[in-house]
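Structure record follows, encoded as structure tokens.
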Amino acid sequence: MKSKFYKKLIFTPQNQQMLKIFILIRRSLKKSFDNIRNEQLKHNLLQAIPFWIGSVITGFLAVMYAKIFAWGENLLHYILDWHLWMIFIIAPIGFVLSWWLVKEFAPNAKGSGIPQVMAAVELANPKEHRKIISLLSLKIIVFKIISSVILVIGGGAVGREGPTIQIAGSVFRKVNEYLPEWWPKISKKNMIMTGAAAGLAAAFNTPLGGIVFAVEELSKTHINYFKTALFTAVIIAGLTAQTLAGSYLYLGYPKTNDVSLMVMFPIILVGGIAGILASQLSVTMLKINDWKKKRLKTNRANVVFLVICALIIASIAFFINREILGSGKEIMERVLFTPKKHEDWYVPILRMLGPALSFTSGGAGGIFAPALTAGASIGSVISGFIHLTPNETNVVVLAGMVAFLTGITRAPFTSAIIVLEMTDRHSLIFHLMLAGMISSIASILVSRHSLYDLIKVNFLTEIRNKDN
């Protein structure tokens, strides 16, 4: 009875027609492929196809995730515009629910996602490659998105860019897994690194940033081994995202013309301060995580901790300033594109406190956008203190963004290229690189290692200990 039902379901006239079309297309493609006489070209083409497929899927998921995340932030502001006191209800619920989903269903979906990808790259060797599934999988994708959106609805100061990189790494790993036995073998390491680059490119619409990120942050292999796959994946992921979301800049076109060379001195000042503060924020977050592991042994203790964190953020949002909430993109847009260019002196403190409490909550959420926001607020405050012109303020704000992100990632070139591409200010390449280099030097005064490197080590230790 069951087989008859399935036969009826499958072999309807419409399905038969679609099946015929599929078979014709498959035969046509096979014939065209067989007509290629160059065996090396055939091999290269077969190796390229999985990267192309992964890139298209990554571009689609990046756009959908961005829309869902933006909806979550808009819902938060809609609720708070209705009644601001609602933050005392939605913040504890958001923090606890986000943590619980990750803890119960996908423990390695917590936090940014970039350390997980870095750990997966290190595990991509013949002895340990089976362990990668705990860091990159379809389940990770689902709960990464759900947990981070819930956290941002609850007022968490997190972003979607780091999670997009883990999502992309999961997509590329899954595509590689589904390849048939006869398919030319593709390095798992190269597949994951290329996926991460495509994810960053699609998240920020910054193709060069994606490439530099893969080389500077992830790669311990010479780029010649996978440069073609990397470049094509970034281009396809970016084009897919642009097709769905339209051609756009993450931020826009801030005015930076008619700026004298003397602006280099404020850039050096902001670069040093932002680098030290970013490195100190990283150390603080790591200390909070270590304290949680040692002291919070039960679910009840974790829930109490999360409620306290949520109520601290809610109290600051209600009594002081709502700018502690969310990714903070609206702060960057305001200081760069409106006459209100100078933030209050305490806003940088809030924009570090918010991510510190949100990032260590145990839920999913990135720190890329919050780091850019913190840097923008530092540049804005210092520009106000020394009375810079609006255009000079824009340059210093952009430098602050590069510097703070560098202090977190220790990837100055990636940070400079990302900010350069998201604002299309190519004339500022030397200004932004200077800010990144100053921050890179200053951040070492606080800690020698980046936040991502240290969290990556924790993931690797946990995964390897489970199998021992």
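Since this is a predicted model, take the numbers as computed values, not measurements.
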Donor-acceptor check, side chain of [X] to backbone of [Y], threshold 3.5 angstrom: yes or no?
{"X": "Glu421", "Y": "Gly209", "result": "yes"}
{"X": "Ser147", "Y": "Lys144", "result": "no"}
{"X": "Lys110", "Y": "Ala106", "result": "no"}
{"X": "Ser377", "Y": "Ala374", "result": "yes"}
{"X": "Ser170", "Y": "Ser137", "result": "yes"}
{"X": "Asn74", "Y": "Ala70", "result": "yes"}
{"X": "Thr194", "Y": "Asn190", "result": "yes"}

Atom [atom1] of [X] and atom [atom2] of [Y]: how far apart are they, to the nearest 0.5 Å?
{"X": "Met352", "Y": "Leu277", "atom1": "CE", "atom2": "CG", "value": "4.5 Å"}
{"X": "Phe51", "Y": "Ile236", "atom1": "CZ", "atom2": "CD1", "value": "11.0 Å"}
{"X": "Leu281", "Y": "Arg351", "atom1": "CG", "atom2": "CZ", "value": "11.0 Å"}
{"X": "Ile367", "Y": "Ile455", "atom1": "CD1", "atom2": "CD1", "value": "8.0 Å"}
{"X": "Ile150", "Y": "Phe143", "atom1": "CD1", "atom2": "CZ", "value": "10.0 Å"}
{"X": "Ile267", "Y": "Ile382", "atom1": "CD1", "atom2": "CD1", "value": "12.0 Å"}

[X] side chain near [Y] side chain, heavy-atom distance below 4.5 Å:
{"X": "Val307", "Y": "Val304", "result": "no"}
{"X": "Thr423", "Y": "Met401", "result": "no"}
{"X": "Val381", "Y": "Tyr346", "result": "no"}
{"X": "Tyr65", "Y": "Ser148", "result": "yes"}

Within the supplied structure, the quantity of interest is the number of heavy atoms (other residues, nucleotides, ligands) at a distance under 6.0 Å from [X] [atom1]; does it exceed 12?
{"X": "Phe305", "atom1": "CZ", "result": "yes"}
{"X": "Phe430", "atom1": "CZ", "result": "no"}
{"X": "Phe105", "atom1": "CZ", "result": "yes"}
{"X": "Lys292", "atom1": "NZ", "result": "yes"}

Look at the rings of Phe213 and Phe368 and say which category their plane angle falls in: under 30° parallel, 30 to 60° tilted, over 60° perpendicular.
->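 Answer is perpendicular, since the angle exceeds 60°.
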
Closest non-hydrogen atom pair between Lys185 and Gln47, with its separation |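 Result for this residue pair: O-NE2, 2.7 Å.
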
Contact summary for Pro207 and Ala201, nearest pair of heavy atoms =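 Looks like CA-CB, 3.9 Å.
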
Please identify each residue that fulfils side chain to side chain donor-acceptor pair (under 3.5 Å) with Lys294, with sequence neighbours left out.
->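 With neighbours one apart ignored, the set is empty.
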
Identified side chain to side chain contact (heavy atoms under 4.5 Å, CB included) counterpart of Ile417 within the set Leu432, Ile429, Val402 =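 For Ile417, the side chain to side chain contact (heavy atoms under 4.5 Å, CB included) check succeeds only for Ile429.
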
Knowing that exactly one of Leu460, Asn125, Leu123 qualifies, which makes a side chain to side chain contact (heavy atoms under 4.5 Å, CB included) with Lys131?
->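 By the side chain to side chain contact (heavy atoms under 4.5 Å, CB included) criterion, Lys131 pairs with just one of Leu460, Asn125, Leu123: Leu123.
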
Check the side chains of Thr409 and Ser450 for a donor-acceptor pair under 3.5 angstrom, ignoring hydrogens and angles.
->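 No.
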
Would you say the side-chain atoms of Ser279 and Ser443 include a donor-acceptor pair closer than 3.5 Å?
->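 Ser279 vs Ser443: no donor-acceptor pair found between side chains.
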
Pairs flagged by side-chain hydrogen bond (donor to acceptor under 3.5 Å, both in side chains) wherever residues 382-404 is involved - sequence neighbours left out =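 The answer is Asn257-Asn391, Lys341-Asn394, Thr389-Glu392.
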
Please lay out, stage by stage, how Arg173 and Ile133 fare under the test side chain to side chain contact (heavy atoms under 4.5 Å, CB included).
-> CA-CA 9 Å; Arg173 190 203 70 81; Ile133 193 171; 3.9 Å; yes

Solution key, residues 313-331 side-chain donor-acceptor pairs under 3.5 Å, sequence neighbours excluded:
unit_1: Ser315; atom_1: OG; unit_2: Leu311; atom_2: O; d: 2.7
unit_1: Asn321; atom_1: OD1; unit_2: Glu323; atom_2: N; d: 2.8
unit_1: Arg322; atom_1: NH1; unit_2: Asp81; atom_2: OD1; d: 3.0
unit_1: Arg322; atom_1: NH2; unit_2: His77; atom_2: ND1; d: 3.2
unit_1: Arg322; atom_1: NH2; unit_2: Asp81; atom_2: OD1; d: 3.3
unit_1: Glu323; atom_1: OE1; unit_2: Arg334; atom_2: NH2; d: 3.4
unit_1: Glu323; atom_1: OE2; unit_2: Arg334; atom_2: NH1; d: 3.2
unit_1: Glu323; atom_1: OE2; unit_2: Arg334; atom_2: NH2; d: 2.1
unit_1: Ser327; atom_1: OG; unit_2: Glu73; atom_2: OE1; d: 3.4
unit_1: Ser327; atom_1: OG; unit_2: Glu73; atom_2: OE2; d: 3.0
unit_1: Lys329; atom_1: NZ; unit_2: Tyr250; atom_2: O; d: 3.1

